[in-house]
Amino acid sequence: MRFFKIFSLLTVLCVFLYLICFAAEGSVYNDVVRFHVIANSDSEIDQQIKLSVRDTVLEKYSSVLSKYKNKNEALAAAEKMLPEIEKDVNEYLQEVAGYTAKVSIEESYFPTKTYGEYSLPRGNYTALCIRLGEAEGQNYWCVLFPPLCLGTATEDGAKVFEECGLSKREYNLMRLEKPTYKLKFKLLEIFAGE
């Protein structure tokens, strides 16, 4: 019976610690805006068009969005710019492709993705999504806010993320600096004579 009580206590403690670690990662999902461009197909030309659309949108809009202090402000600005972004992309596509694009803000699943020295855990994120034509080709994925797509990560990353409202813990998580936890059981230390 005593073994069962100790085992139950340890199980509850392990579940509690797991939930704490999971909650620490969960905050990153709520503080970034991802960028997602889905190509019409996997053909070489459609993949090139996808990258050209990416470059055009990032060049014109990313610096505008990076001036905001938090995700909600950046997201509100992006939502206001959706018609303009869609118009710009479709004007470009009219010159080079036989299809159009749809631009939206949506919740999307992203796998774990690394951008230089930064990494974001897999999960559902809010994203500015551009679907080109049939949207059946390979994706381009990045982080629009804070601005990881523009190479600002090569500047003082901690400062950029702090200005965008991310905590030090979120910044360290994105840099793959996971906190280390040392689990100690006082009862076992007493029994072991430590």
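One-based numbering along the sequence shown.
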Whether the side chain of [X] engages the backbone of [Y] through a donor-acceptor N/O pair (distance < 3.5 Å, no angle test) should be reported.
X	Y	result
Glu86	Val103	yes
Asn90	Thr100	no
Gln47	Ser43	no

Determine, stepwise, if the pair Tyr61 / Met81 fulfils side chain to side chain contact (heavy atoms under 4.5 Å, CB included).
CA-CA 9 Å; Tyr61 298 100; Met81 290 187 279; 3.5 Å; yes
Hey, what do you get for [atom1] ([X]) to [atom2] ([Y]), rounding to the nearest 0.5 Å?
X	Y	atom1	atom2	result
Thr56	Glu59	OG1	CD	7.0 Å
Ser41	Gln138	OG	CD	10.0 Å
Ile105	Leu75	CD1	CG	5.0 Å
Asn40	Tyr99	CG	OH	4.5 Å
Ile130	Arg54	CD1	CZ	11.5 Å

Should we count CD of Glu84 as having more than 12 external heavy atoms under 6.0 Å?
yes
Neighbour count >12 (heavy atoms, 6.0 Å) for atom CD, Glu91:
yes
When you group the ILVMFWY residues by side-chain heavy-atom contacts below 4.5 Å and let the links chain together, are Leu51 and Leu128 in the same group?
no
Would you please test Ile49 and Asp46 for side chain to side chain contact (heavy atoms under 4.5 Å, CB included) and show each step?
CA-CA 5 Å; Ile49 290 170; Asp46 282 340; 4.1 Å; yes
Between the side chains of Thr126 and Glu107, is a donor N or O closer than 3.5 angstrom to an acceptor N or O?
yes
Is the distance between the ring centroids of His36 and Tyr125 under 6.0 Å?
no
Tell me whether the centres of the aromatic rings in Trp141 and Phe35 are closer together than 6.0 Å.
no
Any idea which heavy atoms bring [X] and [Y] closest together, and the distance?
X	Y	result
Ala101	Val89	CB-CG1, 3.5 Å
Ala135	Ile38	O-CG2, 3.5 Å
Ala74	Tyr68	N-CB, 3.8 Å
Val37	Lys50	CG1-CG, 3.7 Å

Hey, is Arg34 close enough to Glu106 for a salt bridge, meaning N to O under 4.0 Å?
no
Test log, rule side chain to side chain contact (heavy atoms under 4.5 Å, CB included), inputs Asp31 and Asn70:
CA-CA 7 Å; Asp31 291 333; Asn70 61 54; over 6 Å; no
Any side-chain heavy atom of Phe110 within less than 4.5 Å of one from Arg122?
no
